[in-house]
Amino acid sequence: MLQVKNITFSYQKTPVLKDLSFKVKPGDYLAIIGESGSGKSTLLKVLRGEYDLNKGHVFWKENEILGPKHNLVIGYDFIKYVAQEFELEPFISVAENIGQHLSNFYKEEKKERVAELLEIVELTAFAKTKVKTLSGGQKQRVALARALAKQPEIILLDEPFSHIDNFKKQNLRRNVFSYLKKQNISCIVATHDKDDVLGYADNMIVLNNNKIEAQNTPEQLYKKPQTPLVASFFGEFNIIDNNIVYAHQLKMVAQSALKVIVKNSYFKGHYYLIEADLDGEKVFFESSEKIIQNTEIYLEAIT
Ligand code: ADP
Ligand code: MG
């Protein structure tokens, strides 16, 4: 179990992380979300022992994770970390990059392991390609496979699918998260993409103003977002009578106290997102059909 106890960290004077506490069980996936600059990357770096804390403690099982003041070499074998700006060896092949830190003593095992990881990140066809010729998304997949190579107990991923195109993303997420679950590897993922979280994460932390603004399962946070920031992570929402109401929770009715005037219809695939005006405020709701501008509509919140 990873235990984070009241940690505070600052680069300079003002803390970037203030009094954070949470736990991650073996095999569990914790998502860290928050706006850009909220400290997600900093938190991951602190968890791998890249910095010394101002206050607090981090433990993985019985080992305390300590920073450079206490360790000559940064990091621990049981924790692997893939940075937002990942580093690879550009002049050797994809397969060589993935297997770089695996022992050459067991040649067959090494070959099989690399083949397995190539499958997971869907780069089998690129095994012999030199990394420098790959696209950003392909490099990101190599970095992921390389971090998994030595079977860490916990893996920290910083926006792991950010460079990967939508055609590949869905499959890759399924491959990676089901592999981690199967191997009982804990993972902590910093992301601002809800698709990295929903359906996969066991728990979720929302960082804001250097603190944890919310912490729960994705399902609970989705169903009962306590703050607009939490709701905004999941989709378009409105604040009506001081309640957070998602766009899909507003239904068109024949008559109600919520009269709006349609301003725009945005095609979203299986629905249209409708932007409307309610006494000078923007309101968003969903409709199966496009609605002509300036149409008057009555809405009702169904929560
Ligand atoms: P996120 O990953 O959520 O976008 P970061 O952890 O990168 O956020 O940054 C959090 C805050 O810490 C920002 O205000 C950023 O400018 C600052 N910061 C990040 N890295 C450094 C650094 N090496 N030195 C000083 N300040 C930093
Ligand atoms: Mg970041």
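Counting starts at 1 for both ligands and their atoms, following the listed order. Since the structure is predicted, the reported quantities are computational estimates derived from the model, not experimental observations.
- For ligand 1, the polar-atom distance check against Ser38 finds a nitrogen or oxygen pair separated by under 3.5 Å.
- Looking at heavy atoms from C-beta onward, Arg141 lies in side-chain contact with Ile164 at the 4.5 angstrom threshold.
- Under the 30°/60° scheme for interplanar angles, the aromatic rings of His163 and Phe86 are found to stand perpendicular.
- Using cut-offs of 30° and 60° for the angle between ring planes, the Phe177 and Tyr29 rings count as parallel.
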Assess whether ring pair (Phe, Tyr, Trp, His ring centres under 6.0 Å) is satisfied between Phe237 and Tyr246, documenting all intermediate values.
CA-CA 4 Å; Phe237 70 97; Tyr246 290 110; 7.2 Å; no
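- For the pair Glu153 and Lys61, the salt-bridge criterion is met [side-chain N within less than 4.0 Å of a carboxylate O].
- Atom 4 (O) of ligand 1 has Gly37 N, 2.7 Å as its closest protein atom, hydrogens excluded (heavy atom only).
- Protein heavy atom closest to atom 7 (O) of ligand 1, with residue, atom name and distance, is Ser41 CB, 3.8 Å.
- Using a cutoff of 4.0 Å between basic side-chain nitrogens and carboxylate oxygens, Arg48 and Asp158 are not scored as salt-bridged.
- Between the CZ atom in Phe9 and the CG atom in Leu53 there is a gap of 8.0 Å [rounded to 0.5 Å].
- At a 4.0 Å cut-off, at least one heavy atom of Glu35 sits close enough to ligand 1 to count as contact.
- In summary, the side chains of Ser38 and Glu35 do not present any donor paired with an acceptor at a separation below 3.5 Å, with no hydrogens or angles considered.
- In this structure, atom 11 (C) of ligand 1 has protein heavy atoms in its sub-4.0 angstrom surroundings.
- Backbone and side-chain nitrogen or oxygen atoms of Tyr51 are examined, and none is located within less than 3.5 angstrom of a nitrogen or oxygen of ligand 1.
- The protein heavy atom nearest to atom 5 (P) of ligand 1 is Thr42 OG1, 3.6 Å.
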I'd like to know whether Asp19 forms a salt bridge (Lys or Arg N to Asp or Glu O under 4.0 Å) with Lys211, so could you lay out the CA-CA distance, the side-chain angles of the two residues, the decisive distance to 0.1 Å, and finally the verdict.
CA-CA 7 Å; Asp19 202 29; Lys211 292 204 225 36; over 6 Å; no
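- Distances shorter than 2.8 Å separate the Mg ion (ligand 2) from the protein N/O/S atoms Ser41 OG, Gln84 OE1.
- Side chains of Asn6 and Lys55: a donor-acceptor N/O pair is absent below 3.5 angstrom, by distance only.
- Val262 and Tyr271 fall into different hydrophobic clusters, where Ile, Leu, Val, Met, Phe, Trp and Tyr are joined by side-chain heavy atoms under 4.5 Å apart, directly or via other members.
- Nearest protein neighbour of atom 8 (O) of ligand 1, counting heavy atoms only, is Gly39 N, 3.2 Å.
- Residue Gly34 places no heavy atom under 4.0 Å from ligand 1.
- Within ligand 1, the atoms closer than 4.0 Å to a non-hydrogen atom of Ser36 are 4 (O), numbered from 1 in the order shown.
- Per-residue contacts place Val16 under 4.0 angstrom from the following atoms of ligand 1 (heavy atoms of the residue considered): 10 (C), 11 (C), 12 (O).
- Of the protein's non-hydrogen atoms, the one nearest atom 18 (N) of ligand 1 is Tyr11 CE1, 3.3 Å.
- By the definition of a contact as any protein heavy atom under 4.0 Å away, atom 26 (N) of ligand 1 is in contact.
- A donor atom on one side chain and an acceptor atom on the other are not found under 3.5 Å apart for Tyr51 and Thr42.
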